[in-house]
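Note that the coordinates shown come from a computational prediction; the quantities given were computed from them, not determined experimentally. Each chain gets a letter, A, B and so on, in the order its sequence line appears, and its residues count up from 1.
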Protein chains: 2
Amino acid sequence: MTQIDKVFKALADPSRRALIDRLHARNGQTLSELCKGLEMARQSVTQHLGLLEDANLITVQWKGREKLHYFNPVPIHEIYRRWIQKFEQPRLDALHDLKTKLEREKKQP
Amino acid sequence: MTQIDKVFKALADPSRRALIDRLHARNGQTLSELCKGLEMARQSVTQHLGLLEDANLITVQWKGREKLHYFNPVPIHEIYRRWIQKFEQPRLDALHDLKTKLEREKKQP
DNA sequence: TTGACATGCAGGTGTCTGCCTGCCTATATT
DNA sequence: AATATAGGCAGGCAGACACCTGCATGTCAA
């Protein structure tokens with residue numbers, strides 16, 4: 001399984017996306033904190049976090065008996081760059097046109 | 001299952017992403033055409049295409065006995081807009097800064 | 001009309017996934 | 001030292017998923 005495939009698969013589950021959202025809102029939460037409010041056993045959350053870590057979407061740091069989780073946006077950006085961007089070409093072209101137009105107007109007002 | 005969830009799940013499989021890529025390269029292909037080169041039974045491809053259609057990622061049009069498939073980029077853009085964009089904020093800010101800078105330079109060269 | 005071709009429908013199988021429970025270890029608190 | 005707290009490990013189960021085969025249907029072309 002390629003790295004990008006791991007990321008897509010990790011993002012395919014709504015619980016995991018919710019976890020990412022929570023970490024994005026507040027980084028460095030422990031496992032217990034992430035469990036709060038979720039209708040799920042701790043082990044299930046652990047499993048989800050394991051997949052996210054495997055996809056490099058989160059990083060883990062131990063502090064005593066606590067496991068702190070940090071969100072890593074790089075893989076998501078990678079997906080955007082290598083997979084989504086090409087379907088957005090018209091939009092990007094428009095942006096490029098705007099930039100070019102502004103630069104042209106700057107030189108020849 | 002929400003619409004956005006369907007899209008994420010549809011994108012989670014590499015065969016389906018490959019199908020999207022092929023349609024993006026050449027739109028309006030039939031089922032048989034899409035099967036060529038894939039190491040998979042026709043029925044499996046049909047199943048994948050069914051999921052993609054359910055996620056609104058492709059549209060189907062019948063022409064006689066042939067089923068033509070068309071790629072629809074809207075859901076992917078939706079995912080970008082509603083889910084990926086917020087993790088890209090720094091990058092977008094940089095872009096906005098560029099635009100502002102160019103406009104400022106245009107007014108006060 | 002008859003045969004070839006494009007696709008659908010139904011059902012079967014092995015594996016993956018998401019979720020759980022039960023028990024264990026290690027660190028903190030009193 | 002004794003208890004509470006944070007988390008890991010192992011295994012189990014139901015449903016989803018990716019894949020297949022076999023047969024049926026509809027359309028084109030000779």
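- Checking the phosphate oxygens (OP1, OP2) of D:dC17, no side-chain nitrogen or oxygen of B:His48 falls inside 4.0 Å.
- Salt-bridge annotation for B:Lys9 and B:Asp5: present, with a side-chain N of the basic residue lying under 4.0 Å from a carboxylate O of the acidic one.
- Taking atom CG on B:Asp54 and atom P on D:dA16, their separation rounds to 15 Å, with Å as the unit.
- Annotation: proximity of residues 6-35 of chain B to DNA chain D (heavy atom, distance under 4.0 Å) is found for B:Asp13, B:Arg16, numbered in ascending order.
- Contact between the side-chain N/O atoms of A:Thr46 and the OP1/OP2 oxygens of D:dG8 is found at a separation under 4.0 Å.
- Between B:Asn72 and B:Ile58 the shortest side-chain heavy-atom distance does not fall below 4.5 Å.
- Comparing the helix axis at one end of the helix from C:dT1-D:dA30 to C:dT30-D:dA1 with that at the other, each defined from 5 consecutive pairs, gives an inter-axis angle of 20° (nearest 10°).
- Among A:Leu51, A:Leu49, A:Asp13, the single residue meeting the side-chain contact (heavy atoms from CB on, under 4.5 Å) criterion with A:Leu19 is A:Leu49.
- Proximity of a side-chain donor or acceptor of A:Gln3 to a complementary backbone N or O of A:Ala55 within less than 3.5 Å is detected.
- Checked by atom type and distance alone, the side chain of B:Gln29 pairs as donor or acceptor with a backbone atom of B:Arg22 at under 3.5 Å.
- Heavy atoms of A:Leu51 sit under 4.0 angstrom from primed sugar atoms or phosphate atoms, though from no base atom.
- Salt-bridge check for A:Glu33 with A:Arg26: passed, with a basic side-chain N closer than 4.0 Å to an acidic carboxylate O.
- Formation of a donor-acceptor pair under 3.5 Å by the B:Asp54 side chain with backbone atoms of B:Lys6 is not found in this model.
- Using a cut-off of 4.0 Å between Lys/Arg side-chain N and Asp/Glu carboxylate O, B:Asp21 and B:Arg16 are scored as not salt-bridged.
- In this model, the phosphate group of C:dT27 is not approached by any side-chain N or O of A:Lys63 to a distance below 4.0 Å at OP1 or OP2.
- Centroid-to-centroid, the aromatic rings of A:Phe87 and B:Tyr80 stay 6.0 Å apart or farther.
- When the C1' atom of D:dT27 is taken as reference, atom NZ of B:Lys67 falls 16 Å away, rounded to whole Å.
- Put simply, the side chain of B:Ser44 never gets that close to the backbone of B:Met40: no donor and acceptor are under 3.5 Å apart.
- Regarding B:Met1, its CE atom lies at a distance of 16 Å from the P atom of D:dG15, rounded to whole Å.
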What does the B/S/- profile of nucleotides 20-26 of chain C look like, 5' to 3', with a 4.0 Å heavy-atom cutoff to protein?
BB-----
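- Atom CH2 of A:Trp62 is separated from atom P of D:dT5 by 18 Å (rounded to the nearest Å).
- Two rings, from B:Phe8 and A:Phe8, have their centers 6.0 Å or more apart.
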